[in-house]
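Right, one structure below, let's go through it.
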Amino acid sequence: MQVSNAFQTFATEAPEVHKAWMEAIQKLDTASALDKKTEELAYIAVMAAVKLESGLPFHVQMAKAHGATREEIISSVLTGLPAVGNTVIHSLPIALSAYDGEGL
């Protein structure tokens, strides 16, 4: 699975900070009570709500690898609709393209 250009640049240009960040992420992942699919779907919902679209393809592929359906991806992206409005719909084509394997 391919990470975004921004994240790859982060890893390349600031390797020590990237290493520390990844260690923190791994610890948070271990501490989570959510199963991997649910965690990825929740993360996709948050990313759509805060407009972090560059990371969506990676996390959609992770969710799919853990058994998420296309319909679950759609529902995940649209979860924030009542709270943040239709801004989340901008993430929908990105997420579905990643799920369908387009543009990867």
Side-chain angles (χ1 to χ4, degrees):
M1 284 177 234
Q2 188 172 351
V3 297
S4 69
N5 183 46
F7 200 79
Q8 184 58 50
T9 302
F10 170 46
T12 303
E13 298 298 326
E16 290 302 313
V17 177
H18 177 264
K19 180 181 175 189
W21 178 255
M22 293 307 295
E23 288 171 2
I25 295 301
Q26 289 170 353
K27 287 179 181 179
L28 289 167
D29 188 52
T30 301
S32 177
L34 299 175
D35 63 84
K36 299 299 181 201
K37 181 178 92 169
T38 304
E39 190 173 330
E40 288 296 337
L41 290 170
Y43 201 75
I44 290 165
V46 171
M47 292 181 85
V50 299
K51 302 179 190 175
L52 285 175
E53 296 166 350
S54 67
L56 277 172
F58 177 84
H59 288 283
V60 166
Q61 287 296 307
M62 291 291 291
K64 185 177 180 179
H66 290 298
T69 66
R70 195 171 192 275
E71 292 74 22
E72 287 174 318
I73 298 298
I74 293 168
S75 292
S76 180
V77 168
L78 298 179
T79 295
L81 195 58
V84 299
N86 73 349
T87 190
V88 298
I89 67 171
H90 297 284
S91 296
L92 198 53
I94 297 165
L96 293 177
S97 178
Y99 189 89
D100 295 338
E102 301 167 5
L104 297 178

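Note that this is a predicted model, so its numbers are computed, not measured.
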- Query: Under the side-chain hydrogen bond (donor to acceptor under 3.5 Å, both in side chains) rule, what pairs show up with a residue in residues 14-23, not counting sequence neighbours?
  - Reply: none

- Item | Within residues 79-91 or reaching into it, pairs that qualify as salt bridge (Lys or Arg N to Asp or Glu O under 4.0 Å) - sequence neighbours excluded | none

- Note on the structure: Residues pairing under salt bridge (Lys or Arg N to Asp or Glu O under 4.0 Å) where one sits in residues 42-54, two or more places apart or in two chains, turn out to be none

- Query: In Å, rounded to the nearest 0.5 Å, how long is the span from NZ of Lys64 to OH of Tyr99?
  - Reply: 5.0 Å

- Query: Is it the case that one hydrophobic cluster holds both Ile25 and Met62, taking links as side-chain heavy atoms less than 4.5 Å apart, direct or via other members?
  - Reply: yes

- Test side chain to side chain contact (heavy atoms under 4.5 Å, CB included) applied to Ala6 - qualifying residues, sequence neighbours left out: Ser4

- Query: Taking the side chain from Ser97 and the backbone from Pro93, do they hold a donor-acceptor pair closer than 3.5 Å?
  - Reply: no

- Message: Test: side-chain hydrogen bond (donor to acceptor under 3.5 Å, both in side chains). Region: residues 31-50. Which pairs qualify, not counting sequence neighbours?
- Response: Asp29-Lys36, Ser32-Glu39, Asp35-Thr38, Lys37-Glu72, Glu40-His59

- Would a hydrophobic clustering, with Ile, Leu, Val, Met, Phe, Trp and Tyr connected at side-chain separations under 4.5 Å, put Leu34 with Met47? no

- Task: Hey, could you give me the CD1/CG distance between Ile73 and Leu96, rounded to the nearest 0.5 Å?
- Result: 8.5 Å

- Message: I need the full list of side-chain hydrogen bond (donor to acceptor under 3.5 Å, both in side chains) pairs touching residues 5-15, with sequence neighbours left out, sorted by first then second residue.
- Response: Gln8-Thr12

Using residues 76-88 as the side-chain source, report each donor-acceptor pair under 3.5 Å to any protein atom, sequence neighbours left out, with the distance given to one decimal.
{"residue": "Ser76", "atom": "OG", "partner": "Leu41", "partner atom": "O", "Å": "2.3"}
{"residue": "Ser76", "atom": "OG", "partner": "Ala45", "partner atom": "N", "Å": "3.4"}
{"residue": "Thr79", "atom": "OG1", "partner": "Ser75", "partner atom": "O", "Å": "2.7"}
{"residue": "Thr79", "atom": "OG1", "partner": "Ser76", "partner atom": "O", "Å": "3.3"}

- Query: So how far is it from Ile74 CD1 to Ile44 CD1, rounded to the nearest 0.5 Å?
  - Reply: 11.5 Å

